[in-house]
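Below, chain A is the first sequence line, B the second, and so on; all start at residue 1.
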Number of protein chains: 2
Amino acid sequence: MKELIEYIGKSFTLSNEITNDLKAIIIERNIQKGEIILQENSNRKIQIFVASGCLRTFYKTKNGKDHTLQFATKNWWISDYMTLFNKEKSLLSIESLSHSKIFIIEQSQLEKLYSKYPEFGIINRKNLQNRIASLQKRIFGLLTMTAKEKYQKFITDYDIFEKVIPNYQIASFLGITPESLSRVRKEIANS
Amino acid sequence: MKELIEYIGKSFTLSNEITNDLKAIIIERNIQKGEIILQENSNRKIQIFVASGCLRTFYKTKNGKDHTLQFATKNWWISDYMTLFNKEKSLLSIESLSHSKIFIIEQSQLEKLYSKYPEFGIINRKNLQNRIASLQKRIFGLLTMTAKEKYQKFITDYDIFEKVIPNYQIASFLGITPESLSRVRKEIANS
DNA sequence: CTGATTTCTTACCATAGATCAATTTATGAA
DNA sequence: TTCATAAATTGATCTATGGTAAGAAATCAG
């Protein structure tokens, strides 16, 4: 619990009152590699804060292709942001890539907190703004970069997440096949 | 001016005080087709609300390739969201695709308003949330769809913006070449 | 440790989309 | 209207990446 409170405390002074209300809606969980936290097609609206470990959101097409929308590690938030803020069922699943410690918060509870403490919305705004910037950058990268460039950016951006992410998932994040990624990696190695 | 106040008023009850403060920071402009509102590499931090007409954000690579990040029409906000919330210079330019009426707001002024009226942040949060959802959907589309699928989704999503957007810009939004788009369009026409 | 399963690599071929170049069509200014 | 310019189309290639299949390497469960 304290990790999240501390993390938020870094950019926002939390009164005791808010802290208590926050604690009341946070669900702490220690999860195993491979655990699914949220299933595609669910009505649950949750955000997950990663205290340690690594998770990802992904989508599997009918013909079995895997698409990774986001990876999240220590101090990141992860969710199905396509459906978090509306009434639709989740499109993505969220799974753990390693033993992880996470905090789950229901979006509706969070919204209540914002209404109760409008000043608390400030920390959230910064959070949303950062997310927008990074999503926009990702789009920019998908539009402008080759497979090799995307991978090189990925390993510098993500510092390869301590090697917990399998390459086929990195490929699915970059929008290329595992085979292509393997070739790109070979090409980089031989140069 | 009234368009923006009205638009915001739809989802948030604006006190006279907030309304006045808002009016004080909004810059209204009527612009021509082809006008550049924000240049790449600028330090200005602005958001633009489109009252009428159509604008886009784009990036030109050194070898002259054009990439469209966003189109905006009536009641949309547009900005270089990659740099709006940080200290970096703008990466994108913003141009008008038709005669348009727009309202320009400095981000710093907006932030002051959020501090002064935390409850005003609520409308902004909804705005940010919607943006996140749509950016995430766009990434999803770029990862999972073929050129033809992307174009078909585009024309249904955007209802082709009353034909003010040239096809080569649509192509640059979808991440394909104008030639490829032309072939896709031909294929759709013959079927 | 060992066999089973998953992930990664490699080779070969296929293809969507890119590139180049030429032509047609549309747009816009005088 | 008319010409100049920009945009769109088309055909002929080319290329980056995809698909398939098989084997190698890594990982995992018992």
Side-chain angles (χ1 to χ4, degrees), chain A residues 32-36 54 56 58 60-68 71 95-99 141-155 160-191, chain B residues 32-36 54 56 58 60-68 71 95-99 141-155 160-191:
Chain A
Q32 298 299 83
K33 176 170 177 175
E35 260 190 71
I36 303 286
C54 183
R56 70 163 183 148
F58 68 98
K60 267 197 171 36
T61 60
K62 30 247 103 198
N63 41 53
K65 269 187 224 158
D66 187 299
H67 299 280
T68 298
F71 293 113
E95 74 171 353
S96 177
L97 304 185
S98 67
H99 180 268
L142 287 172
L143 287 178
T144 60
M145 296 200 252
T146 64
K148 184 177 177 182
E149 290 166 341
K150 287 186 224 171
Y151 179 66
Q152 290 180 314
K153 179 159 181 13
F154 179 85
I155 53 181
I160 217 156
F161 276 169
E162 307 142 36
K163 195 55 196 164
V164 302
I165 307 178
N167 286 327
Y168 79 91
Q169 289 179 10
I170 294 176
S172 85
F173 178 81
L174 301 178
I176 62 179
T177 59
E179 294 88 342
S180 289
L181 178 57
S182 180
R183 285 174 206 118
V184 162
R185 284 160 47 77
K186 187 182 182 183
E187 192 192 333
I188 291 173
N190 304 340
S191 67
Chain B
Q32 298 298 84
K33 175 170 177 175
E35 260 191 72
I36 302 286
C54 184
R56 69 161 184 151
F58 68 99
K60 266 197 172 34
T61 60
K62 30 248 104 198
N63 40 53
K65 267 186 225 160
D66 186 299
H67 298 279
T68 298
F71 293 113
E95 75 170 353
S96 178
L97 304 186
S98 67
H99 180 268
L142 287 171
L143 288 177
T144 60
M145 296 200 259
T146 64
K148 184 177 176 182
E149 289 166 341
K150 287 185 221 173
Y151 179 66
Q152 289 180 315
K153 179 161 181 10
F154 179 85
I155 53 179
I160 218 156
F161 275 170
E162 307 144 36
K163 193 59 196 161
V164 300
I165 307 177
N167 285 328
Y168 79 91
Q169 289 180 10
I170 294 176
S172 84
F173 178 81
L174 302 178
I176 62 180
T177 59
E179 294 90 335
S180 289
L181 178 57
S182 178
R183 285 181 196 110
V184 162
R185 283 160 47 78
K186 186 181 182 184
E187 192 192 332
I188 291 172
N190 304 339
S191 66

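- In this structure, the helix from C/dC1-D/dG30 to C/dA30-D/dT1 shows an angle of 70° between the axis at its start and the axis at its end, each fitted on 5 base pairs and rounded to 10°.
- Under the 3.5 Å distance criterion, the side-chain polar atoms of A/E149 are matched with a main-chain donor or acceptor of A/T146.
- The side chain to side chain donor-acceptor pair (under 3.5 Å) search around A/S172 returns A/D66, A/T68, not counting sequence neighbours.
- In this view, B/K153 and B/D157 satisfy the side chain to side chain donor-acceptor pair (under 3.5 Å) rule, not counting sequence neighbours.
- Taking 4.0 Å as the cutoff to heavy atoms of chain A, we find the contact window on DNA chain C bounded by C/dT7 to C/dC12.
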Base, backbone or nothing for each nucleotide of nucleotides 17-30 of chain D, written B, S, -, heavy atoms under 4.0 angstrom, 5' to 3'?
SBBB-------S--
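- B/K33 is linked by a salt bridge (charged side-chain N to carboxylate O under 4.0 Å, His left out) to nothing, counting only residues two or more places apart in sequence or in another chain.
- Evaluation of the salt bridge (charged side-chain N to carboxylate O under 4.0 Å, His left out) rule for A/K65 yields no partner, not counting sequence neighbours.
- Here A/T61 pairs with A/N63 under the side chain to side chain donor-acceptor pair (under 3.5 Å) rule; sequence neighbours left out.
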Give me, pair by pair, the N or O atoms of the protein and of nucleotides 4-6 of chain D that are less than 3.5 Å apart, along with how far apart they are.
none

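- Applying the salt bridge (charged side-chain N to carboxylate O under 4.0 Å, His left out) rule to A/K148 yields the partners A/E187; only residues at least two apart in sequence or on another chain are considered.
- Considering only residues two or more places apart in sequence or on other chains, B/E179 meets the salt bridge (charged side-chain N to carboxylate O under 4.0 Å, His left out) condition with none of them.
- Here the straight-line distance linking atom CZ of B/F154 with atom CG of B/L174 works out to 6.5 Å at 0.5 Å rounding.
- Scanning for side chain to side chain contact (heavy atoms under 4.5 Å, CB included) contacts around A/S180 gives A/I176, A/T177, A/R183, with sequence neighbours left out.
- Taken from CG in A/L97 to CZ in A/R56, the straight-line distance is 6.5 Å, to the nearest 0.5 Å.
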